[in-house]
Amino acid sequence: MRNPGGVFIYTSPEGEVVTESFTCGHCGNLVEVKPKQDPANIGGLCKCCMKLICAGCVARGNCDPFEKKLLRAEARGIALRSYGL
Amino acid sequence: MAGYAASNLLAGTQQAISTAYKTLLLIEASTGTAARRIKVHEFVFGTDGTPADQVMTYDVSRTTAAGTATSITALPLDPADAAMLGLTVGNHTVEPTVTAASSLWAAGINQRATHRWVAFPGQELVIPATNLAGLAFRAKSPGYTGTGVVQLEFQEQ
């Protein structure tokens, strides 16, 4: 990958294998990218938020960035705190 | 923004791996003091039982309740940092409430192997700043009945 989001390091008695990964920009899933893997099998690039996304989110076909999901999850707590509760 | 490290070896008694998922370690946001986002940037899965060739399935899933487990004090990476505001628990005897179809990562790996993931900045696994929202790091195996180890490094923001 040109800009990986992380690395997996698999260490076994046979040796060490390092693969790259990215975190889905829509759901936060970890996606492992193996060497020479067909890009069509690992997800895609969302042209709305310009983030790499997993195959499941590609299939959904809409743009719902992970940061907005987090803000929705936190909204109730933020509101309760603003009321002093 | 403080960094912490935790593993299921820090407290409690390691539980035997079985054919159903056993949660080794769980971290969650808590409103006990103030809910903060938690960003996991590294995890390491492995076993510390008798080596053998059999499959281990490791999984990272979202949770909404902690289950029954031993409280673990996450260690600040910088000793000058304050204690973590969220909760870290491990070696579960009663499994946490795992959100259905929320696995962020899962893999089948030989028991002899160790699997480590390191995120680059901005690509961490994120837990929202919502009370009891968390991540469970768990393992199962069709044959292995020894114990597992997981080590985490994360930030609280």
Side-chain angles (χ1 to χ4, degrees), chain A residues 1-34 42-43 45 49-57 59-60 64-85, chain B residues 29-47 51-53 55-56 58-62 64 99 101-135 137 151 153 157:
Chain A
M1 288 181 72
R2 186 174 293 171
N3 295 305
V7 289
F8 281 105
I9 304 163
Y10 175 88
T11 309
S12 73
E14 283 76 40
E16 187 175 274
V17 176
V18 178
T19 58
E20 293 171 335
S21 74
F22 67 87
T23 308
C24 176
H26 286 182
C27 66
N29 274 6
L30 276 184
V31 181
E32 187 170 2
V33 182
K34 293 170 180 155
I42 56 173
L45 174 70
C49 64
M50 296 308 287
K51 301 263 189 188
L52 292 173
I53 57 175
C54 68
C57 289
R60 256 174 231 115
D64 187 10
F66 189 57
E67 180 64 28
K68 290 194 175 176
K69 284 194 175 94
L70 288 173
L71 290 174
R72 285 202 298 271
E74 294 166 351
R76 182 173 181 273
I78 292 169
L80 288 173
R81 276 198 299 280
S82 73
Y83 305 147
L85 299 173
Chain B
S30 168
T31 52
T33 306
R36 286 187 178 173
R37 280 188 190 178
I38 297 170
K39 296 186 175 181
V40 178
H41 58 81
E42 179 172 338
F43 63 72
V44 186
F45 277 107
T47 60
D53 280 319
V55 73
M56 299 290 299
Y58 297 115
D59 175 78
V60 181
S61 287
R62 294 196 180 277
T64 54
T99 307
S102 70
S103 177
L104 298 180
W105 173 79
I109 295 166
N110 191 298
Q111 187 219 315
R112 294 179 192 269
T114 298
H115 210 60
R116 178 181 181 211
W117 173 73
V118 182
F120 298 157
Q123 296 281 311
E124 301 91 348
L125 301 177
V126 184
I127 300 171
T130 302
N131 194 34
L132 302 181
L135 284 179
F137 296 80
Q151 159 80 27
E153 291 198 10
Q157 306 183 340

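Below, read A as the first sequence line, B as the second, and so on, with proteins coming before strands; counting in each chain starts at 1.
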**Q** Heavy-atom cut-off 4.5 Å, strictly under: side chain, backbone, both or neither for A:F66 against chain B?
**A**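 It is the side chain, since no backbone atom gets that close.
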**Q** Using non-hydrogen atoms and a 4.5 Å limit, figure out which bit of B:F43 sits close to chain A: side chain, backbone, both or neither.
**A**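 Only the side chain of B:F43 comes within 4.5 Å of chain A.
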**Q** Between A:L71, A:L70, A:L30, A:I78, which residue shows the highest count of heavy-atom pairs closer than 4.5 Å to chain B?
**A**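 Most heavy-atom pairs under 4.5 Å with chain B: A:L30.
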**Q** Checking the side chain of A:T19 only, and the main-chain atoms of A:E32 only, is there a donor and an acceptor separated by less than 3.5 Å?
**A** no
**Q** Looking only at heavy atoms and a cut-off of under 4.5 Å, which of A:K69, A:E67, A:E16, A:R76 has the most pairs with chain B?
**A** A:E67
**Q** Hey, does the side chain of A:T23 reach the backbone of B:Q123 with a donor-acceptor pair shorter than 3.5 angstrom?
**A**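 Yes, because the side chain of A:T23 sits within donor-acceptor range (under 3.5 Å) of the backbone of B:Q123.
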**Q** Would you call B:S30 and B:N131 a side-chain contact if the rule is heavy atoms closer than 4.5 Å?
**A**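 Counting from C-beta outward, B:S30 and B:N131 do come under 4.5 Å.
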**Q** Salt bridge or not for A:E14 and B:R112, using N-O below 4.0 Å?
**A** no
**Q** I need the A:H26 NE2 to A:L52 CG distance, nearest 0.5 Å.
**A** 10.5 Å
**Q** With heavy-atom distances below 4.5 Å as the criterion, would you say the side chains of B:L135 and B:R62 are in contact?
**A**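 They are in side-chain contact.
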**Q** Please rank B:V44, B:N110, B:V118 by heavy-atom pairs under 4.5 Å with chain A and give me the top one.
**A** B:V118
**Q** Using non-hydrogen atoms only, which part of B:E124 is less than 4.5 Å away from chain A: side chain, backbone, both, or neither?
**A**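 Only the backbone of B:E124 comes within 4.5 Å of chain A.
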**Q** Tell me whether A:E74 contacts the main-chain N or O of B:A129 through its side chain, where contact means a donor paired with an acceptor under 3.5 Å.
**A**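 Yes: the side chain of A:E74 pairs with the backbone of B:A129.
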**Q** Under 4.5 Å from any heavy atom of chain B, what part of A:S21 do you find: side chain, backbone, both or neither?
**A** side chain
**Q** Is B:S103 in contact with chain A via its backbone, its side chain, both, or neither, using a 4.5 Å heavy-atom distance?
**A** backbone
**Q** Under a 4.5 Å cutoff for heavy-atom pairs, which residue among A:C54, A:G25, A:P4 has the most contacts with chain B?
**A** A:P4
